[in-house]
Q: 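Okay, handing you the structure first.
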Amino acid sequence: MRKKVVAGNWKCNTTLQEGVELAKAVDKIVAEKGASDVVVVMGTPFTHLTKVVESVNTKRVGVSSQNCAAEAKGAFTGEVSAAMVKSTGAEYVILGHSERREYYGETSETLNKKVALTLENGLTPIYCCGEPLEIREAGTQKEYVINQLKETIFSLSADDFKKIIIAYEPIWAIGTGKTATTEQAQEMHKDIRDAIAAQFDAAVADEISILYGGSCNPKNANELFANPDVDGGLIGGASLKAEDFIEIINAY
Ligand code: PGA
């Protein structure tokens with residue numbers, strides 16, 4: 001049975017102190033809630049990883065970075081390698097977020113290197129894909145998103161591919177308050193799963209968690225997560241308040 005995952009993406013928000021408080025608050029409520037089959041992850045800035053790992057029980061709240069370097073190590077000023085992320089105790093790396101693709105020029109080529117390094121270091125990539133508004137308006141979103149996957153993670157071996165979590169995030173829904181309808185989300189998630197089955201096989205497709213991201217909040221999470229091919233969410237804005245994030249986790 002594939003995992004249900006609710007992952008927060010804090011983006012460039014919170015000071016170290018605020019982040020630690022937020023992480024502790026989430027961890028406390030998750031602990032009070034007790035046993036659950038939902039995997040909870042918090043994607044923090046690099047600077048927060050070590051402290052957040054120390055401040056929570058990582059068995060109930062996993063910790064993720066939001067990026068990693070495309071090189072293993074060396075003279076790359078300002079970069080943070082996958083091995084460095086691993087050494088903090090974090091277990092996940094968000095890769096290919098549309099903000100990184102758009103503002104920092106991330107290409108399929110760089111992402112392939114990042115995915116490989118993430119996997120080599122025993123970290124789980126949360127791999128983002130999704131179309132911009134003009135592609136959605138042209139009706140070619142399926143081809144666009146499947147092509148993003150073909151250029152990157154579809155070239156992995158089935159064994160490595162099974163280690164990945166995919167996040168479908170329509171760019172027009174990110175931070176805009178405009179959520180994909182439950183039908184739009186289900187349709188794309190099914191298209192992605194069908195493409196995985198065609199590339200690998202049905203068993204692999206059935207094992208991969210595909211998260212929805214884009215203005216997911218406590219009000220709409222329930223409806224989105226009720227879709228058979230939506231296995232959770234990648235949550236931006238609503239992950240910055242412990243109560244909202246928990247409500248989303250509780251949507252399951
Ligand atoms: P949002 O962001 O929930 O604020 O729309 C989602 C994301 O970019 O991961």
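The structure presented is a predicted model; accordingly, all values stated were derived computationally and were not measured.
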Q: Over all heavy atoms of both residues, which pair between Asn112 and Glu151 is shortest? Give the atoms and the distance, please.
A: ND2-O, 3.1 Å

Q: Flag yes if Val52 and Phe245 sit in one hydrophobic cluster, no otherwise; membership is Ile, Leu, Val, Met, Phe, Trp, Tyr, and two members link when side-chain heavy atoms are under 4.5 Å apart.
A: yes

Q: Is it the case that the side chain of Asn147 and the backbone of Tyr144 share a donor-acceptor pair, with hydrogens and angles ignored and the cut-off at 3.5 Å?
A: no

Q: So that I can tick it off, tell me whether Glu32 and Lys28 are bridged by a salt bridge, with the cut-off set at under 4.0 angstrom between side-chain N and carboxylate O.
A: yes

Q: With a 4.5 Å cut-off on side-chain heavy atoms, are Val56 and Val63 touching?
A: yes

Q: Would you check, one step at a time, whether the test salt bridge (charged side-chain N to carboxylate O under 4.0 Å, His left out) holds for Glu106 with Arg100?
A: CA-CA 6 Å; Glu106 279 200 355; Arg100 300 243 22 118; 3.3 Å; yes

Q: Do Val41 and Leu49 share a hydrophobic cluster (ILVMFWY, side-chain heavy atoms under 4.5 Å, transitive)?
A: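 Different hydrophobic clusters.
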
Q: So, the side chain of Arg193 versus the backbone of Ala205: is there a donor-acceptor pair under 3.5 Å, distance only?
A: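 Yes, Arg193 side chain to Ala205 backbone: donor-acceptor pair under 3.5 Å.
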
Q: Output, in order, the C-alpha distance, side-chain angles, deciding distance and verdict of side-chain contact (heavy atoms from CB on, under 4.5 Å) for Leu119 and Leu156.
A: CA-CA 10 Å; Leu119 290 169; Leu156 293 170; 4.0 Å; yes

Q: Can you find a heavy atom in the side chain of Thr118 that is under 4.5 Å from one in the side chain of Val115?
A: no

Q: Rounded to the nearest 0.5 Å, what separates atom OG in Ser65 from atom CD in Glu91?
A: 12.0 Å

Q: Taking C-beta and beyond as the side chain, do Ile196 and Ile166 meet within less than 4.5 Å on heavy atoms?
A: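 Heavy-atom side-chain distance check passes, below 4.5 Å.
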
Q: May I ask you to check whether over 12 heavy atoms, not counting those of Lys142, lie within 6.0 Å of atom NZ?
A: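 Check fails, neighbour count at 12 or below.
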
Q: Check the pair Glu131 / Gln148 against side-chain contact (heavy atoms from CB on, under 4.5 Å), numbers first and verdict last.
A: CA-CA 9 Å; Glu131 80 285 358; Gln148 283 183 324; over 6 Å; no

Q: Rounded to the nearest 0.5 Å, what's the gap from CG on Asp160 to OG on Ser157? Could you check?
A: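 Separation between the atoms: 4.0 Å.
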
Q: Show your reasoning for whether salt bridge (charged side-chain N to carboxylate O under 4.0 Å, His left out) applies to Asp231 and Lys3.
A: CA-CA 7 Å; Asp231 307 308; Lys3 291 189 185 97; over 6 Å; no

Q: If only atom types and distance count, is the side chain of Asn67 paired as donor or acceptor with the main-chain N or O of Glu79 below 3.5 Å?
A: no

Q: Starting from Ile171, can I reach Ile135 by hopping between I/L/V/M/F/W/Y residues whose side chains sit under 4.5 Å apart?
A: no

Q: Does the side chain of Gln141 reach to within under 4.5 Å of the side chain of Gln184, using non-hydrogen atoms?
A: no

Q: Does a side-chain heavy-atom distance below 4.5 Å link Cys129 with Ile192?
A: yes

Q: Enter the distance from Tyr212:OH to Gln186:CD here, rounded to the nearest 0.5 Å.
A: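 Atom-to-atom, Tyr212:OH and Gln186:CD are 13.5 Å apart.
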
Q: So for atom CD, which belongs to Glu223, do other residues, nucleotides or ligands contribute more than 12 heavy atoms lying within a distance under 6.0 Å?
A: no

Q: Do the side chains of Lys4 and Val39 get nearer than 4.5 Å, heavy atoms only?
A: no

Q: Closer than 3.5 angstrom, by distance alone: can the side chain of Glu207 be matched with the main-chain N or O of Val204 as a donor-acceptor pair?
A: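 Absent.
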
Q: Could you state whether Leu224 and Trp172 fall into the same hydrophobic cluster, counting links through intermediate Ile, Leu, Val, Met, Phe, Trp or Tyr residues with side-chain heavy atoms under 4.5 angstrom apart?
A: no

Q: Short question: side chain of Thr140, backbone of Glu143 - any donor-acceptor pair under 3.5 Å?
A: no

Q: For the pair Phe161 and Phe200, name the ring-plane relationship: parallel under 30°, tilted 30 to 60°, perpendicular over 60°.
A: parallel

Q: Report yes if the side chains of Arg2 and Asp229 come closer than 4.5 Å at any heavy-atom pair, otherwise no.
A: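 Yes, their side chains come closer than 4.5 Å.
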
Q: Got a donor-acceptor contact below 3.5 angstrom from the Ser215 side chain to the Ala173 backbone?
A: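 Pair found, side chain donor or acceptor close to backbone of Ala173.
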
Q: NZ of Lys73: more than 12 outside heavy atoms within 6.0 angstrom?
A: no

Q: Looking at Asn227 and Val230, would you say the former's side chain and the latter's main chain have a donor-acceptor pair under 3.5 Å?
A: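 Here the side-chain-to-backbone pair does not exist.
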
Q: I need the Leu211 CG to Tyr127 OH distance, nearest 0.5 Å.
A: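 One gets 14.5 Å once the value is rounded to the nearest 0.5 Å.
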
Q: Hey, is the main chain of Ser36 close enough, under 3.5 Å, to the side chain of Tyr252 for a donor-acceptor pair?
A: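 Not at all, since once roles are kept as given, no pair shorter than 3.5 Å links the two residues.
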
Q: Just so I know, are the side chains of Cys68 and Leu95 near enough to count as touching, which here means a heavy-atom distance under 4.5 Å?
A: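 Heavy-atom side-chain distance check passes, below 4.5 Å.
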
Q: Measuring from Glu99:CD to Gln66:CD, what's the distance to the nearest 0.5 Å?
A: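 Answer for the CD-CD pair, Glu99 versus Gln66, is 9.0 Å.
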
Q: Between the main-chain N or O of Leu117 and the side-chain N or O of Asn121, is there a donor-acceptor pair closer than 3.5 Å?
A: yes

Q: Hey, what do you get for OG (Ser98) to OH (Tyr103), rounding to the nearest 0.5 Å?
A: 7.5 Å

Q: Just by distance, do the side chain of Thr88 and the backbone of Thr50 share a donor-acceptor pair under 3.5 Å?
A: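 Such a contact is absent between Thr88 side chain and Thr50 backbone.
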
Q: Val5 and Ile164: same hydrophobic cluster, using ILVMFWY side-chain contacts below 4.5 Å?
A: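 In one cluster: no.
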
